[in-house]
Amino acid sequence: MTFAEVLLPVPITGTFTYSVPDGMADAIHVGQRVIVPFGRKKFYTGIVSSINPIKPEGYDVKEIALCLDTVPIVRHPQLKFWNWMADYYLCTPGEVMRAAVPAGLKIESETFITPNPDYEEDADDRLTVRELTVMEFILGCDKKQTLDAIGKKTGFSNIGVIVNSLLDKGAVVISENLVERYRSRKETYVRFSFGKGDSEKIHSAFSAVRSGSMQEKALIALIELSGYMRQGLDVPTEVTRHELIEKAGVTTTVVASMAKKGIIDIYHKEVNRFSFSGLVNGELPKLTDIQNTTLDAIHKSWLEKDITLLHGVTSSGKTEIYIHLIDYVLRNGRQALYLVPEIALTTQLTRRLQKVFGDKVVIYHSKFSDNERVDIWKKLLNTSEPLVIVGARSSVFLPFASLGLVIVDEEHETAYKQQDPAPRYNARDAAIVVASMHGAKTLLGSATPSIETYYKALTGRFCLIELSERYEGMRLPEMKVVDMADARKKGEVCGTFSQVTQRLVNSALQRGEQSILFINRRGYAPVARCKLCGYVPKCDNCDVSLTYHRHSDKLICHYCGTPYSVPEICPACKEPGIEVLGYGTERVEEEIDMLFPNESIARMDLDTTRSKDSYENIIESFSKGKSNILIGTQMVTKGLDFDRVSVVGVVNADSVINFPDFRASERAFNMIEQVAGRAGRKNGNGTVAIQTYNPSHPIIGYLLNHDYKGYYEHEIAERQTYNYPPFVRIIYIYLKHKDQTAVSNIAFEFALRLRKLLGNRVNGPDEPHVARVQSLYIRRIMLKIENNASISKVKKLLNDIRVEMTNSKILSGAILYYDVDPM
Ligand code: ADP
Ligand code: ZN
């Protein structure tokens, strides 16, 4: 008898042991999905994590009910990676699995059992009475049934065994919705209805269309596109109808009439979702001398260390250098992972990469449908071809065959950190681990490296390579600080814009150039308030003031999404005094619209980018100059590359700088320097206006001079003085409860017990910035752990306390979780 350890998507630590039924022993392998009974009469889908011959002591093991796969759906290093992640981020491997595997592979959702329409009972292998009962039940249902449901309805406790036998006999099948939902993409093509080089036929084709007509245009275009007359080309190139229409400037009706005349055939073909039909020139960008030197230095650095930081100013051509590195890796037959912090960035990047690498580019992120994600997963599972995978943070979980290189672009970005739910991982750090499991090299890139990364680079953990010149020696943009208090005094502020900023935007428009305006808040106004009594409407479930959205005319909670109508009279003083205060993207848009009534304006924030193609559409239309002003939240600060942007306005720098958090100043410096970096990329003629009421804040000085190093020195000294990362590691312990007193007491008790063991490494408990979300009160304990301390020891201590407190019922009703290396 063999036994299998199965990973289940439950928030309970560890794997679960099941016995493998005799008939299944040969078919079962590590990495396959199985359905197992769990708890009372419940079934779960899980993944086999190991197989061993030893029966666990002390309890009855149940049998695996069904094995869903004939081949594993994960690759060997993935399970190891999941374990690392669960260990490091103090969560369960089941939680990691849930984040890692696309929902379409049905790890949590249920698998359906349906009758096999082709089944005929075999006289030598009749169904047993129980099997017949189950069959009758299934056949009698209109809807598909899950194993769980069949078990409950028929009352058989060993339903897994029965269904397994029915499967063996071919009476039922497991219906994977996937197969049904899979829709392949079809493309429409056109070709001449006669073979190549037949000049007689071409002649008669021309005489069949009127000269100067649309059809003639299409005919000429098709000859060109297909290379019909080109020497040395045996078979004409395939041409899509779309290409033909674009090139000839005709409609589909024109193409259809030509088909009717018998000149051309229209045919459909299934295309690979991954194929790229645009122009692939396969040419690597030619690097400048300084870029070439940098590239060499990176290659050399990898002889010494596995991880290298490329600190290159904005628009220095980091992407160009990455392309060369990827090319090198692909030519060596290995795969490359290229991580970007924001989905918006994949759009421009994908185009740049596809021009060089064509079909070898694979994109992966959460805006893809489940179906598409499963497709990509399976593609990677079944190939070891050299590919470059471009993706947001969840792509670290893909089943790579053999990674040779991991690039983490904009490595400082907080978007790499998953906040909720567990695993609360940082994709940059996770990517480094994945790389090391594959023996791959890692390149971290940024114009504003995180304090931790730069510290590691300076102290020799990583190699450090600096690239301090913009492409073609372009100047970095000129930074202007606008003292808003002073400007207001002088009457030089209209709404939220100083005259300085307005004039800059205006002169850019005069020159035919573009502007980006960055405001850190979405919606219309971040606060509503009664102007008579000062009452502020808050969310019923969360401890936050509500943001007014003009588009929907609602007050919305940005923590739980609950919408509220705007009260006409103040609930506190019963007077009609509610007004909205402050600025969000919607209001900035409205104001810009009033200032520049003839301009069309683009806005990019969470509200305008909910659908899959929305990023692409906004970026595309802005690049094409359909609008000349782009307003946006932090989405516009990251890595976008536009040629004609010469002005950037940071509308409210203070909202970025003043945040009660030890990373606030780092985040502010990075965000403002990055958004500034969008300006003057092609003509070196950029200007940035930073509007602030706090012009003497130290980070403003460093920003003025683009002085990253000065800023770093300042910040690292603060971190050392106050004992923050990178000098210690931080773990937050979160406790949530629907009762405020209860959560205070629990947190106090937890901290007390922890303090006995860890002394002054324990800080708090305190209330986080937002102390109630979705009706739960929150308390937080901060642990500061020495860098060289053993995390597994800390983990054990935390677990012991949790068990003690659970056993003495102190924790009841509370939710407890950890955030390791919080951002
Ligand atoms: P970064 O990633 O460092 O911000 P990019 O790689 O986006 O910079 O380069 C900035 C701009 O300069 C891009 O538009 C890019 O096409 C151009 N560029 C940089 N290096 C080269 C090169 N060697 N040849 C042609 N264009 C380049
Ligand atoms: Zn809320």
Side-chain angles (χ1 to χ4, degrees), residues 314 412-414 447-448 451 476-490 492-505 508 515-523 525-527 547 581-589 591-592 604-605 629-638 640 645-680 686-708 710-712 714-715 718 769:
T314 54
H412 62 277
E413 268 297 335
T414 49
T448 53
I451 298 292
L476 281 164
E478 183 192 346
M479 306 289 255
K480 286 198 165 135
V481 173
V482 184
D483 180 341
M484 288 300 276
D486 186 53
R488 237 177 240 291
K489 239 185 281 156
K490 294 184 184 142
E492 293 175 353
V493 178
C494 161
T496 192
F497 287 104
S498 64
Q499 278 179 8
V500 176
T501 313
Q502 284 172 49
R503 275 200 292 265
L504 284 172
V505 173
S515 306
I516 293 180
L517 299 170
F518 162 53
I519 172 101
N520 200 24
R521 295 199 165 105
R522 69 190 169 93
V527 185
T547 301
L581 302 169
Y583 280 81
T585 46
E586 276 185 7
R587 190 166 188 179
V588 168
E589 182 180 10
E591 213 155 76
I592 287 294
M604 188 154 82
D605 57 27
I629 302 173
L630 172 66
I631 295 163
T633 53
Q634 51 271 27
M635 286 180 190
V636 301
T637 65
K638 302 167 190 177
L640 292 168
V645 173
S646 63
V647 169
V648 164
V650 179
V651 178
N652 182 358
D654 303 328
S655 74
V656 198
I657 298 170
N658 301 325
F659 208 80
D661 171 56
F662 76 92
R663 279 189 213 275
S665 112
E666 175 180 8
R667 223 168 14 225
F669 181 87
N670 293 348
M671 227 180 242
I672 297 173
E673 182 65 20
Q674 288 287 343
V675 72
R678 303 312 108 207
T687 314
V688 179
I690 305 172
Q691 302 194 148
T692 174
Y693 284 90
N694 211 344
S696 58
H697 194 287
I699 83 159
I700 299 283
Y702 299 115
L703 283 167
L704 272 178
N705 301 311
H706 299 288
D707 181 9
Y708 173 80
Y711 165 71
Y712 170 82
H714 162 85
E715 183 64 26
E718 300 259 302
H769 177 56

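We use all heavy atoms of the structure for the numbers below, so side chains are in, but hydrogens, waters and symmetry mates are not.
Every side-chain hydrogen bond (donor to acceptor under 3.5 Å, both in side chains) that Gln691 has, sequence neighbours left out, goes to Ser498, Thr501. Partners of Arg522 under the side-chain hydrogen bond (donor to acceptor under 3.5 Å, both in side chains) rule, at least two apart in sequence or in another chain, are Asp607. Residues satisfying the ring pair (Phe, Tyr, Trp, His ring centres under 6.0 Å) criterion with Tyr708, sequence neighbours excluded, are His311, Tyr454. Asp654 pairs by the side-chain hydrogen bond (donor to acceptor under 3.5 Å, both in side chains) definition with Thr692, not counting sequence neighbours. Glu715 meets the salt bridge (charged side-chain N to carboxylate O under 4.0 Å, His left out) test with Arg719; sequence neighbours excluded. Under the side-chain hydrogen bond (donor to acceptor under 3.5 Å, both in side chains) criterion, Gln634 pairs with no residue at all, not counting sequence neighbours. The side chain to side chain contact (heavy atoms under 4.5 Å, CB included) search around Ser515 returns Val505, Ala508, Val647, not counting sequence neighbours. Partners of Arg587 under the salt bridge (charged side-chain N to carboxylate O under 4.0 Å, His left out) rule, at least two apart in sequence or in another chain, do not exist in this structure. With sequence neighbours left out, the ring pair (Phe, Tyr, Trp, His ring centres under 6.0 Å) criterion links Tyr711 to Phe669. Residues meeting the ring pair (Phe, Tyr, Trp, His ring centres under 6.0 Å) test with Tyr693, sequence neighbours left out: none.
With values rounded to the nearest 0.5 angstrom, Ile516 atom CD1 is found 7.0 Å from Leu640 atom CG. Separating the CD1 atom in Ile699 from the CG atom in Asp707 is a distance of 12.5 Å, to the nearest 0.5 Å. Interatomic distance, Asn658 CG to His697 NE2, rounded to the nearest 0.5 Å: 6.5 Å.
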Quiz item: Stepwise, does the side-chain contact (heavy atoms from CB on, under 4.5 Å) test hold for Tyr712 with Ile451?
Solution: CA-CA 7 Å; Tyr712 170 82; Ile451 298 292; 3.8 Å; yes
Practice problem: Please step through side-chain hydrogen bond (donor to acceptor under 3.5 Å, both in side chains) for the pair Gln674 and Thr314, ending with a clear verdict. | Solution: CA-CA 7 Å; Gln674 288 287 343; Thr314 54; over 6 Å; no
Exercise. Evaluate the side-chain contact (heavy atoms from CB on, under 4.5 Å) criterion for residues Ile592 and Phe497: first the C-alpha distance (whole Å), next the side-chain angles of each, then the deciding distance (0.1 Å), finally the verdict.
Key: CA-CA 9 Å; Ile592 287 294; Phe497 287 104; 3.7 Å; yes
Quiz prompt | Steps toward side-chain contact (heavy atoms from CB on, under 4.5 Å) verdict (Arg667, Val656) | solution = CA-CA 8 Å; Arg667 223 168 14 225; Val656 198; 5.5 Å; no
Self-check item: Stepwise side-chain contact (heavy atoms from CB on, under 4.5 Å) check, Leu630 with Leu517
Solution: CA-CA 6 Å; Leu630 172 66; Leu517 299 170; over 6 Å; no
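A donor-acceptor contact shorter than 3.5 Å is absent between the side chain of Arg678 and the backbone of Val648. Looking only at distances, no side-chain donor or acceptor of Glu591 sits under 3.5 Å from a matching main-chain atom of Gly495. Side-chain N or O atoms of Asp661 include one that pairs as donor or acceptor with a backbone N or O of Arg663 at under 3.5 Å.
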Pairs of donor and acceptor atoms involving the side chains of residues 476-486, under 3.5 Å and at least two apart or interchain, shall be tabulated with distances.
residue, atom, partner, partner atom, Å
Asp483, OD1, Ala485, N, 3.1
Asp483, OD1, Asp486, N, 3.2
Asp486, OD2, Lys490, NZ, 2.9

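Side-chain contact between Ile700 and Ile657 is present, with heavy atoms from C-beta onward closer than 4.5 Å. When side chains are defined from C-beta on, Val651 does not count as touching Ile631, because their heavy atoms never get closer than 4.5 Å.
Donor-acceptor pairing under 3.5 Å is recorded for the side chains of Thr585 and Asp605.
When every heavy atom of Gly584 is checked against every heavy atom of Pro526, the shortest pair comes out as N-CD, 4.2 Å. Across all non-hydrogen atoms, the minimal contact from Gly523 to Thr547 is CA-CG2, 4.1 Å. What you find for Arg521 and Tyr583 is that their closest heavy atoms are CB-O, 4.0 Å.
Only one option out of Val636, Val588, Val650 pairs with Ile519 in a side-chain contact (heavy atoms from CB on, under 4.5 Å); it is Val588.
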